[in-house]
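Accompanying notes for the structure given below.
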Amino acid sequence: MLKFKIKADQIKRFSDFLLSLELRGTQNRMRVRMIKQLDEKLNKIQSEYTEHVLKEHCHLDSEGNPKIKEVNGQQLWDVKKENREDFNKDYLELWNEEHVIEGEDNKNMLLSVKESVLNCDKLFSGQEALQYDHWCDLVEAIEDQKEKE
């Protein structure tokens, strides 16, 4: 069975990268299918962030929503002083969590996305080149688990 693993904090950037590729036909459809699955995961993560991390560690308004405060012109969550350490721990844990897309139903999509990333015609330089190398590492790790056993 094929597996694609990605950390939560990389999902949005990887989706944006996939959208930047010029693809046609089946490769385009498979890319869009992958982005939809990644978006579902990201929406779930953001919901968990709001429902569990923010509501647990921030001061809440009268409607039960986390309050925002302004510090040096920046809007920040109003984290309770006594909860700051736990908030940071929970935040990092949530966004470093690894997410998986797998299954026989996703085989064609995963192989197509792997091919599209590894063989894209874009030119890269600087930080973008380093990021592309990381995306290649992610898709190169898509492999059939049966072969490994």
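Below, each value reflects all heavy atoms present in this structure, side chains not excepted, and no hydrogens, waters or symmetry copies. These figures come from a predicted structure and were not determined experimentally. In what follows, residues are counted from 1 in the order of the sequence shown.
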Give the C-alpha distance, both sets of side-chain angles, the deciding distance and a yes or no for side chain to side chain contact (heavy atoms under 4.5 Å, CB included) between E48 and V53.
CA-CA 7 Å; E48 288 177 13; V53 178; over 6 Å; no
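Heavy-atom neighbours of E82 CD from other residues, nucleotides or ligands within 6.0 Å: above the threshold of 12. Residue K7 qualifies as open at atom NZ: its count of foreign heavy atoms under 6.0 Å is 12 or below.
One distance of note links CG of L92 with CD of E97; it measures 13.0 Å at 0.5 Å rounding. The distance from the CD atom of E85 to the CG atom of D90 is 11.0 Å, given to the nearest 0.5 Å.
Using a 4.5 Å heavy-atom cutoff, the side chains of Y91 and W77 are not in contact. In this structure, F4 and L2 have side chains that are not in contact, with every pair of non-hydrogen atoms separated by 4.5 Å or more. Within the 4.5 Å cutoff, the side chain of L138 has heavy atoms near those of the Q10 side chain. Two residues are said to be in side-chain contact when any heavy atoms from C-beta on lie closer than 4.5 Å; L21 and R31 meet this criterion. Taking the side chain as every heavy atom from C-beta outward, F14 and L18 approach each other to under 4.5 Å.
With sequence neighbours left out, the side-chain contact (heavy atoms from CB on, under 4.5 Å) criterion links E51 to S47, K55. Partners of F87 under the ring-ring contact (aromatic ring centres under 6.0 Å, His included) rule, at least two apart in sequence or in another chain, do not exist in this structure. Listed by chain and number, the residues in a side-chain contact (heavy atoms from CB on, under 4.5 Å) with D86 are H57 (sequence neighbours excluded).
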For residues 58-76, run the donor-acceptor check on the side chains, cut-off 3.5 Å, and write out each pair with its distance to 0.1 Å, sequence neighbours left out.
| residue | atom | partner | partner atom | Å |
| --- | --- | --- | --- | --- |
| D61 | OD1 | E63 | N | 2.9 |
| D61 | OD1 | G64 | N | 3.0 |
| D61 | OD1 | N65 | N | 2.8 |

Sequence neighbours left out, cut at 3.5 Å: what donor-acceptor pairs do the side chains of residues 33-45 make with other protein atoms?
| residue | atom | partner | partner atom | Å |
| --- | --- | --- | --- | --- |
| Q37 | NE2 | N106 | OD1 | 2.8 |
| K41 | NZ | V100 | O | 3.1 |
| N43 | ND2 | D39 | O | 3.3 |

Sequence neighbours excluded and cut-off under 3.5 Å, please list the side-chain donor-acceptor pairs for residues 109-131, or say none.
| residue | atom | partner | partner atom | Å |
| --- | --- | --- | --- | --- |
| K114 | NZ | I142 | O | 3.1 |
| E115 | OE1 | N119 | ND2 | 3.3 |
| E115 | OE2 | N119 | ND2 | 2.9 |
| S116 | OG | Q27 | NE2 | 3.3 |
| S116 | OG | S112 | O | 3.0 |
| N119 | ND2 | E115 | O | 3.3 |
| K122 | NZ | S20 | OG | 3.0 |

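Listed for the R29 side chain is no donor-acceptor partner under 3.5 Å among the backbone atoms of R24.
Both I6 and L19 are part of a single hydrophobic cluster, where members link through side-chain heavy atoms under 4.5 Å apart.
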